[in-house]
Amino acid sequence: MNGDSKLDPSEDFPADLDGLPADEVSVLNSKVHRQMDAEYVEDGSLDPETEGRNEELRRELDDRDEKSGEAERRQDRGEHKA
């Protein structure tokens with residue numbers, strides 16, 4: 001284990017990010033990015049597990065940003081989600 005600020009590839013990672021609250025996804029994203037930094041410094045490359053986690057988090061955050069943007073556009077138009 002790398003402490004609380006990084007997420008080692010051997011540590012558990014949620015199977016489904018969609019069900020997690022936004023703040024938990026943000027914390028995971030931060031930990032994975034700190035792990036990536038450490039791996040680049042120590043090894044010069046990323047562990048495939050860390051790389052995969054980063055990609056999974058990127059997709060989840062992009063999806064959430066897109067959904068949030070759609071909700072804001074509906075609200076600006078005075079529409080409500082059905």
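All figures in this text were calculated on a predicted structure; none of them were measured in a lab.
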Asks: Might you point out which heavy atoms bring Glu39 and Pro9 nearest each other, and give the distance in Å?
Replies: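 Heavy atoms only, the tightest pair is OE2-CG, 3.6 Å.
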
Asks: How many angstroms lie between atom OG of Ser68 and atom CG of Leu61, to the nearest 0.5 angstrom?
Replies: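 Reported value, rounded in 0.5 Å steps: 11.5 Å.
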
Asks: Applying side chain to side chain contact (heavy atoms under 4.5 Å, CB included) to Leu28 and Leu17, what does each step give before you reach the verdict?
Replies: CA-CA 10 Å; Leu28 276 173; Leu17 296 172; 3.9 Å; yes

Asks: Using 0.5 Å steps for rounding, measure from the CG atom of Asn54 to the CD atom of Glu51.
Replies: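 The CG atom of Asn54 sits 8.0 Å away from the CD atom of Glu51.
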
Asks: Nearest 0.5 Å, please: how far is NE2 in His33 from OG1 in Thr50?
Replies: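 So the gap between those two atoms works out to 11.0 Å.
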
Asks: Identify the two heavy atoms, one from Val32 and one from Arg53, that lie closest to each other, and give their separation to 0.1 Å.
Replies: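 Scanning both residues completely, I find the closest heavy atoms to be CG2-CB, 4.2 Å.
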
Asks: Tell me if a side-chain donor or acceptor on Glu24 pairs with a main-chain N or O of Pro21 at a distance below 3.5 Å.
Replies: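 Such a contact is absent between Glu24 side chain and Pro21 backbone.
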
Asks: In this structure, which one of Arg59, Arg64, Arg58 forms a salt bridge (Lys or Arg N to Asp or Glu O under 4.0 Å) with Asp62?
Replies: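 Among Arg59, Arg64, Arg58, the one that satisfies the salt bridge (Lys or Arg N to Asp or Glu O under 4.0 Å) with Asp62 is Arg58.
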
Asks: Quick one: CD on Glu56 to CZ on Phe13, what's the gap to the nearest 0.5 Å?
Replies: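 Reported value, rounded in 0.5 Å steps: 5.0 Å.
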
Asks: Give a yes or no on whether Leu7 and Val27 share a hydrophobic cluster (residues Ile, Leu, Val, Met, Phe, Trp, Tyr; joining criterion: side-chain heavy atoms under 4.5 Å apart).
Replies: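 No, it is not one cluster - the side chains of Leu7 and Val27 are not joined through contacts under 4.5 Å.
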
Asks: How far does CG of Asp18 sit from CG of Asp63, to the nearest 0.5 angstrom?
Replies: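 With rounding to 0.5 Å, CG (Asp18) is 8.0 Å from CG (Asp63).
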
